[in-house]
Amino acid sequence: MELHLTLIFNGLATGMLIFLLAAGLSLIFGLMSVLNFAHGALFMFGAYMGTWVYILIGGWNSPWGNLNFFVGMIAAALIGVVLGYLVERFTVRQVYGNHLRQILITTGVMLVVAELVKVFWGPNLIRVVQPEFLQGHFLVGDVRLTYYRVFIILFSTMILILLLFMLKKSKIGVVVRAGVENSQMVQALGINIRKVFTLVFIFGTMLACIGGYMWGPFQGQVNPGMGLDLMLIAFIVVAIGGLGSVAGSAIAAVLVGLSEAYMAYYFPPGSLAVNMLIMAAVLLIKPTGLLGAGR
Amino acid sequence: MLKIKDLHTHIEQFHILQGVNLEVPDNSVTVVLGRNGAGKTTTIRSVMGFYPNMSGEILFQGKSIAKLPPYTVAKQGIGYVPEDQDIFAGLTVEENMRVAMRREDDTTLERQEWLLDLFPDLREAWKRKGGHLSGGQKQMLSIARALVNETPLLLVDEPSKGLAPIMVEKVMEAMNVIRETTTILLVEQNFIMASQLGDYFYMIDEGRTVFQGEMQLLKDDEVLRKKYLGIA
Amino acid sequence: MKTTTKVTAYTNPSSGLNPLRIITWQKGAWIVCCLMLFAVPLLITKNSYLFLLTNIFIWSVFAMSYNLLLGFTGIISFGHAMFFGIGAYSLALTARHVPGGEVGFILAILATVVICFVLSLIVGLLSLRLRDTFYALITLAVATIFVIIAEQWRSMTMGNDGFNFTASLSRDLFGFINLLDRRHVYYIALIFLIGMFLLLKRFIDSPVGRTLQAIRDNEARAASLGYAVLNYKLISNILAGVMAGLAGVVYAISIRFVSPDSVLGVENTIDVLLMTVIGGVGTLLGPIIGAAVVEVSSHYLMGLANIHPIFERWVILFGVVFILIILFFPAGIVGTIKQKFLSKKKGVSS
Ligand SMILES: Nc1ncnc2c1ncn2[C@@H]1O[C@H](COP(=O)(O)OP(=O)(O)OP(=O)(O)O)[C@@H](O)[C@H]1O
Ligand SMILES: [Mg+2]
């Protein structure tokens, strides 16, 4: 029983981190039908940038360690905003409406961003540790709950709630939901959908960068391979959850996170295959994904 | 209000509109008629700016709006009710209205109240999702959504299509109220509706304006109706 | 990509003016080119150059097969390297485990054809019905599973390290081919390239190939005209898969080593993607030019890494060039030259 509780706990933490990566991908995909192959690389860039700042200002060992951690997170978010703007403005925006060229150009961006990481920070992994107040664990019954994972779950849940609230209540949120369904009609109502695209792209990239940053202490390191590995998982999550559905992404991310945790325990090499089977099963029953709009 | 001169529109490699001329006088209801596939919808969508691959002149209140992107066209004060209503299915009636609101100030909210008085069905379905509305309710919502901002000109594409006769009646009544404050360009196959509402008509066939005049003319001319519309 | 259809549509009537002369002129140029390539090993004896040229030929075929998907069918695969890798591993494993050169060699080719055929059929059936973006996603996922299998099945594949099988390569295949002689391998690759090129050309010009391009240009219209769109895409998917697999077989002969990274990984798919786009999407010659450009420049850029470590990051250069090409020259090198050439000709005649 403890084993299962532990695995479920770990799966939740993994899943909620994947959610941060998948949420932006899903919104971008749903709204602009851009399958953003650069998303994983941007996630990685955010991870490196944040970690670099975190370490640069003293890291976890300094008396300001706890604060440093959040400064790093802000740095990751900021670089996400900058990169999101640049990538949208100079590449993706130029090829809206052409799926093939969108996939190609984001692949090019992926190559460049992933190499830039190696240019700036070298090809080797960088070790990173959580700040002091998130180190260690506590016991609930016999189940060990590490503070950092609890933090991940709480933080990501907070982002999820915030995101859902924004989509439900704010004007821009309503417009985004409308745009996911029918962006032409949104335009015909007097809204410049391109501006909304830019905004969503920036926001999605920012979330990915924050997620990447939090991934570091979770794994104890950041490395130049993390982008591609996780991107594939994020794609699967988006497909399971339904394009453009944030709530769907959250459910799918937890599902995939749980499968990752269980497979990591029983048969690590099979985890991708299992995730793909889950995807195939969901898409077979409901081709638009769990909560996808029926298009 | 609206003047279209020698409009040509290409969709992909097809030359769909090959010279549409049309004028909508202020404070009138102008009806566009023509058989299926004549190019009525394409004309309206060209005005909205959906087809960059067009040539010709489109003047709205004297200013050229040709080739402007759809959102700018809409902002000039042109409301658009598409052929299939294009209600956002996952959004409630309230949210559908909200997407359209350029400002959420008192004037706009007052207009919304006025529209809800016009279409009481919408008030009833206020919290319901767009996808769960009946065909008639969708049509009402689509019209209300197009009018929630200051809208001198309304473009309506076949509002009676697929509606039950009672609903057609309701929509027609509402249009009769709307015409008092808004100029209307109406595409309509239902000749009863067209003839009751319209002041002027334009006949489009194979992408060209082929006939025009006061509605009375068409009402009296059975031969013409037969020729272009196939109805007596 | 649409422009390329216009290009062919334009050349046909123009060559109709004087068909004999133009056709013989073009054919002559081709034959001269081929002869020169056949003469190369007589002139160049340095193995490293032969090796480079051999690999260009092989990657050309791989890129041509990719172009069949991207350029002529209009779909993006991120898993094309799985076929290449399957071919390479087939050869490597039979070389190591099946004694008797010919038997192993033929077995490797048969296995490659059969596996690639079945796999591309299954993947195509699963993903070609979905939106085009899903095809990219599913091919990436399936290919990643193959990488994982190659990494994990250590007893068979030696895992991540891969293995070298130089010693097991036959010195007299069918009595006259020495797979350890660079010149022999060069000729195998060259003949393979010419054969595949002619095959692809015939396919593109065949009714099936033409329909395929019509589907690419306007799928809805082709479907409404009654074409079984899925079947045509499946055919192209299978042909591309088998071709990539065979390229993998020849590649394994050339590099005498296989590992997940070097033949199976997604990096290989991205390499052919680069080659195809740089050379010219939807042109027959484009992938060959692209393969030459990418192989030669990466060869020299890698050499420069001794001078400054920044050159280790040469991929970045390709990435930037790639983005610029997609933004400004979507027809690639060959396509852009063709357009320029043809518009000039048009200008003169009119
Ligand atoms: N995207 C498109 N691609 C190709 N042809 C199109 C496209 N859209 C419209 N057409 C063609 O343009 C012509 C005019 O279409 P349009 O929708 O404007 O007709 P309509 O007068 O509104 O007809 P209806 O009464 O059926 O609504 C039709 O022949 C149609 O087939
Ligand atoms: Mg119509």
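Heavy atoms only: backbone and side chains are in, while hydrogens, waters and symmetry mates are out. None of the values given here were measured: they were computed from a predicted structure.
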Contact class of Glu104(B) relative to chain A, heavy atoms under 4.5 angstrom:
side chain

Looking only at atom types and distance, does a side-chain atom of Glu181(A) sit under 3.5 Å from a main-chain N or O of Ala89(B), one as donor and one as acceptor?
yes

For a quick test of reading the model, state the closest non-hydrogen atom pair linking Ala188(A) to Ala74(B) and the distance between them.
O-CB, 3.2 Å

For Ile191(A) and Val99(B), the nearest pair of non-hydrogen atoms, with its separation, is CD1-O, 3.2 Å

For Leu189(A) versus Phe88(B), what's the shortest heavy-atom pair and its separation?
CD1-CE1, 4.0 Å

Heavy-atom proximity to chain A below 4.5 Å, by part of Val73(B):
neither

Can you give me the closest heavy-atom contact between Met185(A) and Pro82(B), atom names plus distance?
SD-CG, 3.7 Å

Heavy-atom count around Glu124(B) CD within 6.0 Å, excluding the residue itself: above 12?
no

So what's closer than 4.5 Å to chain B heavy atoms on Lys195(A): side chain, backbone, both or neither?
neither

Enclosure of Lys40(B) NZ (heavy-atom neighbours >12, cutoff 6.0 Å)
yes

Report the distance from atom OH of Tyr80(B) to atom CD of Gln187(A), rounding to the nearest 0.5 Å.
12.5 Å

Give a yes or no on whether Asp106(B) atom CG has more than 12 heavy-atom contacts from other residues, nucleotides or ligands under 6.0 Å away.
no

More than 12 heavy atoms from other groups under 6.0 Å of NZ on Lys171(A):
yes

Could you tell me whether His15(B) atom NE2 has more than 12 heavy atoms of other residues or ligands within 6.0 Å of it?
yes

If you measure from CG on Asn182(A) to CD1 on Ile87(B), what distance do you get to the nearest 0.5 Å?
10.0 Å

Heavy-atom distance under 4.5 Å to chain A: side chain of Leu155(B), backbone, both or neither?
neither

